[in-house]
Engineer: 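Below you will find the structure I want to go over with you.
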Amino acid sequence: MNIESRLAQIGSISEPVTGAVSFPVYQSTAFRHPKLGQSTGFDYSRTKNPTRSVLEEAIAELESGDAGFACSSGMAALQTIFALFSQGDHLIVSLDLYGGTYRLLEQIMSRFGVSATYVDTNDLAALEQAYRESTRAVLIETPTNPLMMVTDIEAVATWAKGKGVLTIVDNTLLTPYLQRPIELGADIIIHSATKYLGGHNDVLAGLIVTKGRELSEKMFFLHNSIGAVLGPQDSWLLMRGMKTLALRMQRHEANATAIAKWLQTHPMVAEVFYPALESHPGYEIQNKQSSGNTGIFSFKMKDARAIETILRHIRLIAFAESLGGVESLMTYPAVQTHADIPLEIREKIGVDDRLLRYSVGIEHVDDLMTDLARAFDAAASELAGGVKA
Ligand SMILES: *Cc1c(COP(=O)(O)O)cnc(C)c1O
């Protein structure tokens with residue numbers, strides 16, 4: 001079956017008692033045992049909950065993996081994955097990384113003796129140089145947030161297999177609708193399902209997918225032992241969001257492509273970072289390994305002073321952190337999402353004070369352009385010494 005059909009039908013044929021088309025929320029932590037030594041398959045909801053199980057089976061199947069695990073946030077999912085590693089272990093990680101992941105590695109995992117080296121994961125020579133005897137995994141985001149750098153997943157996974165280390169892919173920005181890293185050789189997928197999978201800026205969740213029996217069993221143990229699991233209500237909300245993922249991603253991509261092309265021609269914009277644009281260095285790899293583009297991109301203004309005015313004048317587009325929801329949001333990474341990354345690293349990768357990130361929603365594209373155009377005009381007039389609006 002095509003992925004659109006599988007998405008729309010998540011949980012719809014799993015409830016055998018009443019035939020409920022929408023899978024019920026099993027708001028129960030404990031499950032009665034039929035008799036000594038027997039279980040319905042459910043004992044205690046940290047270990048397994050029927051509503052969460054439907055979600056976990058769905059994401060495993062969508063990502064072509066063997067097992068899925070639903071966590072209370074994307075960060076909880078990452079922490080659960082990092083619990084695979086021990087004191088002295090080393091990771092190789094994408095240089096342009098989600099700020100929270102960087103913070104978890106540098107301020108928490110480092111205290112437990114797990115270290116990380118940040119490299120351009122598209123550069124196999126850099127991977128080779130960063131590799132140590134103690135390296136256990138490569139963690140990549142592709143495209144990265146906010147600079148949209150694209151990494152060749154298959155090339156990294158092949159390299160990692162040769163070294164006997166795991167390939168972990170943060171697939172938040174593309175979702176299995178557009179990119180399936182396990183099919184390209186990855187071992188573990190992590191999602192901030194708070195973003196496109198949930199899709200409505202209303203549920204915080206993380207998902208893990210593993211490939212292979214041994215790894216899946218280890219992750220099951222960690223997920224249950226750590227306990228940062230997703231509750232049944234949020235599992236249900238997430239599944240409801242996922243049913244419309246295909247439609248939403250199509251509109252996100254169409255809107256983002258139209259607006260990115262328009263911004264490329266705008267006299268106040270220095271550069272637009274979006275892999276759907278032929279001018280983007282990752283354009284070809286993106287086309288090779290995914291069936292489309294995400295709905296977020298970033299752009300650099302020629303003059304940083306315009307940013308404050310733009311953020312004050314956008315109305316339909318909300319000035320807010322996060323991404324991936326039906327509502328358009330604009331973020332200023334240098335002071336928000338990426339503030340925990342040291343200035344020297346931010347400047348090295350280009351997350352400077354001229355950069356804005358735009359998570360394009362599913363509103364009408366004309367309304368979004370009108371909103372942006374008005375904010376740009378206000379900024380142009382303030383820069384030209386006009387009256388403050
Ligand atoms: C948001 C995000 C995370 C963290 O997920 P939360 O659900 O906010 O905990 C991790 N990786 C990426 C790429 C993200 O965008």
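Whatever order the structure lists them in is the order used to number ligands and atoms, beginning at 1.
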Engineer: Taking N or O atoms only and a 3.5 Å limit, does M75 qualify as a polar contact for ligand 1?
Structural biologist: yes

Engineer: Specify the protein heavy atom at minimum distance from atom 7 (O) of ligand 1: its residue, its atom name, and the distance to 0.1 Å.
Structural biologist: T194 OG1, 2.7 Å

Engineer: Find all atoms of ligand 1 within a distance of less than 4.0 Å from any non-hydrogen atom belonging to G74, and give their numbers and elements.
Structural biologist: 5 (O), 6 (P), 7 (O), 9 (O)

Engineer: Tell me if the centroids of the rings in F42 and Y26 come within less than 6.0 Å of each other.
Structural biologist: no

Engineer: Out of all atoms in ligand 1, which are within 4.0 Å of some heavy atom of S73? Include the element for each.
Structural biologist: 7 (O), 9 (O)

Engineer: For F273, is the NZ or CZ atom of K300 found under 6.0 angstrom from the centre of its six-membered ring and inside 45 degrees of the ring axis?
Structural biologist: no

Engineer: Please confirm whether the ring centroid of Y196 lies under 6.0 Å from the ring centroid of H252.
Structural biologist: yes

Engineer: Salt bridge or not between E382 and R312? Use side-chain N to carboxylate O under 4.0 Å.
Structural biologist: yes

Engineer: Connecting only ILVMFWY residues whose side-chain heavy atoms lie within less than 4.5 Å of each other, what is the rest of Y44's hydrophobic cluster?
Structural biologist: none

Engineer: Could you tell me whether the side chains of E327 and H200 share a donor-acceptor contact shorter than 3.5 Å?
Structural biologist: no

Engineer: Is it true that K288 and D152 make a salt bridge, defined as a side-chain N closer than 4.0 Å to a carboxylate O?
Structural biologist: yes

Engineer: Between N145 and ligand 1, which residue portion shows a heavy-atom distance shorter than 4.0 Å: side chain, backbone, both, or neither?
Structural biologist: side chain

Engineer: Polar contacts were defined as any N/O atom of the residue lying under 3.5 Å from an N/O atom of the ligand; does this apply to D170 and ligand 1?
Structural biologist: yes

Engineer: Just to confirm my output: which protein heavy-atom neighbour is closest to atom 5 (O) of ligand 1, and how far is it?
Structural biologist: S192 OG, 3.0 Å

Engineer: What protein heavy atom sits nearest atom 4 (C) of ligand 1, and how far off is it?
Structural biologist: Y98 CE2, 3.4 Å

Engineer: Please write down residue, atom name and distance for the protein heavy atom closest to atom 14 (C) of ligand 1.
Structural biologist: K195 NZ, 3.0 Å

